Amino acid sequence: MGTILKRPEIKGDIVHVASDPHGNILVIDDRKHRILSFDSVFEQSKILRTAPHVPVHEYNRAMLLPIAFDEPAQVTVLGLGGGVLAHGLFTILPQSTIQVYELRRKVADIAKQWFALPESDRLNVQIADARLAIDQLPEAGTDMVLTDLYSADRMSPAQSQRQFIKACGRALSDTGWLVLNYHRMPDPDGNLIRELKRQFPLLLVFKSRTNNWVIYGRKQEFDPWTVDRSRLNSLEERLPIGWRKLMKKLSRLTPALPSP
């Protein structure tokens with residue numbers, strides 16, 4: 001998903017249009033940016049045309065925050081869009097392998113042709129339903145799962161399902177991270193948060209300026225407030241997204257449920 005905008009506010013020139021059974025796919029250029037839209041009020045992806053590896057939307061930047069604590073060898077991205085997350089991960093993790101699952105082949109083609117998604121052995125895009133793909137991943141087979149599953153006008157219901165959270169937890173390594181983008185904060189007393197608490201001893205949350213909520217779960221508890229300033233400075237040199245400013249907006253969600 002992306003920032004919610006009234007349609008007239010998605011300003012710029014439509015430079016490419018494609019369609020598939022899921023609907024239209026628009027590429028829009030303004031003076032500084034390139035935008036992917038599924039012909040709705042959402043900006044699915046947005047990049048700087050002069051620096052396509054740098055995410056523009058704050059929630060996309062926030063989804064990268066676990067890299068301040070751990071450098072995963074294997075990363076899994078559910079939902080490609082314009083490739084903003086995948087490209088950022090590819091840039092800041094030069095030794096890592098990134099596996100992306102995207103439902104729509106034309107979206108993947110557009111990410112490569114219009115959004116400068118790198119072609120590399122380290123970055124693999126597979127056309128598959130992410131909801132099924134996560135079930136098929138080997139147990140403890142990935143170190144980080146980032147999920148950003150949205151259609152033209154809504155979040156995929158899968159991201160709110162307990163079984164999906166369980167599948168992500170099973171696929172993660174012992175110190176793995178799950179990163180979820182929600183368009184609104186889940187009910188703190190609901191089944192989804194309860195399942196997150198069961199799966200992840202550490203839960204963090206970030207609220208973006210556009211009211212996206214990014215929830216982070218880590219398979220092992222640790223103190224996230226001890227990250228070294230030099231570490232953030234190094235990350236900023238590699239990918240300038242305002243790491244220190246983003247970190248200040250990160251907070252602990254709630255204590256995890258006690259073990260049964």
Side-chain angles (χ1 to χ4, degrees), residues 1-16 25-68 75 77-93 98 100 102 104 107-118 123 125 144 146-153 155 179-184 206-216 232 235-250:
M1 190 191 94
T3 304
I4 301 176
L5 298 174
K6 295 178 182 178
R7 185 182 294 262
E9 294 182 14
I10 307 181
K11 297 178 181 178
D13 300 320
I14 297 174
V15 296
H16 181 74
I25 308 163
L26 308 182
V27 180
I28 302 168
D29 279 2
D30 64 23
R31 290 169 57 185
K32 293 176 59 177
H33 303 104
R34 177 157 290 165
I35 300 158
L36 181 72
S37 171
F38 292 162
D39 199 12
S40 74
V41 296
F42 295 112
E43 289 182 348
Q44 300 295 141
S45 296
K46 189 173 189 176
I47 61 169
L48 284 170
R49 293 168 66 184
T50 57
H53 62 292
V54 180
V56 172
H57 290 140
E58 186 187 35
Y59 79 90
N60 273 146
R61 296 181 173 200
M63 292 183 76
L64 299 175
L65 278 177
I67 296 169
V75 184
V77 180
L78 306 182
L80 177 66
V84 171
L85 281 176
H87 200 165
L89 290 161
F90 179 84
T91 300
I92 205 165
L93 297 171
I98 299 131
V100 185
E102 167 56 46
R104 304 170 69 176
V107 169
D109 291 342
I110 287 171
K112 295 173 183 177
Q113 296 167 9
W114 291 92
F115 289 82
L117 186 70
L123 175 56
V125 179
M144 188 176 293
L146 302 97
T147 175
D148 192 20
L149 299 175
Y150 284 79
S151 63
D153 56 5
M155 183 184 79
V179 185
L180 304 122
N181 172 36
Y182 288 111
H183 66 292
R184 64 172 62 93
F206 181 103
K207 183 183 179 182
S208 78
R209 291 189 298 266
T210 53
N211 293 320
N212 287 68
W213 292 83
V214 181
I215 295 178
Y216 315 80
L232 299 179
L235 291 171
E236 186 69 17
E237 290 176 2
R238 290 152 60 185
L239 190 69
I241 60 173
W243 290 85
R244 288 168 64 183
K245 184 177 180 180
L246 292 169
M247 283 290 295
K248 290 179 180 178
K249 296 179 66 173
L250 194 64

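Computed from a predicted model, the values in this text were never measured in an experiment.
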Rounded to the nearest 0.5 Å, how far apart are [atom1] of [X] and [atom2] of [Y]?
| X | Y | atom1 | atom2 | answer |
| --- | --- | --- | --- | --- |
| L78 | N181 | CG | CG | 12.5 Å |
| M247 | R244 | CE | CZ | 11.0 Å |
| I35 | I14 | CD1 | CD1 | 10.5 Å |
| W114 | D109 | CH2 | CG | 13.0 Å |
| I47 | K32 | CD1 | NZ | 13.0 Å |
| K46 | H57 | NZ | NE2 | 5.0 Å |

Non-hydrogen atoms of [X] and [Y] that approach each other most closely:
| X | Y | result |
| --- | --- | --- |
| V84 | P55 | CG1-CB, 3.5 Å |
| L80 | A108 | CD2-CA, 3.6 Å |
| Y216 | L250 | CE1-CD1, 3.4 Å |
| M63 | T147 | CE-O, 3.7 Å |
| S45 | G82 | OG-N, 2.7 Å |
| P66 | M144 | CB-CE, 3.7 Å |

Start with the C-alpha gap between Y182 and N212, add the side-chain angles, then the distance that decides, and say whether side-chain contact (heavy atoms from CB on, under 4.5 Å) holds. CA-CA 6 Å; Y182 288 111; N212 287 68; over 6 Å; no
Check whether any side-chain heavy atom of [X] sits under 4.5 Å from a side-chain heavy atom of [Y], and report yes or no.
| X | Y | value |
| --- | --- | --- |
| P52 | R34 | no |
| N211 | R184 | no |
| D148 | N60 | yes |
| L180 | W213 | no |
| L235 | L64 | no |
| L146 | L89 | yes |
| L26 | H16 | no |
| F90 | H53 | no |

Backbone of D30 reached by a side-chain donor or acceptor of R49 within 3.5 Å: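 The answer is yes, because a donor-acceptor pair under 3.5 Å joins these two groups.
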Start with the C-alpha gap between E43 and L36, add the side-chain angles, then the distance that decides, and say whether side-chain contact (heavy atoms from CB on, under 4.5 Å) holds. CA-CA 6 Å; E43 289 182 348; L36 181 72; over 6 Å; no
Go through the steps to decide whether E58 and L246 satisfy the test side-chain contact (heavy atoms from CB on, under 4.5 Å), and finish with yes or no. CA-CA 8 Å; E58 186 187 35; L246 292 169; 4.0 Å; yes
Intermediate values then yes/no, side-chain contact (heavy atoms from CB on, under 4.5 Å), V54 and R61: CA-CA 8 Å; V54 180; R61 296 181 173 200; 3.9 Å; yes
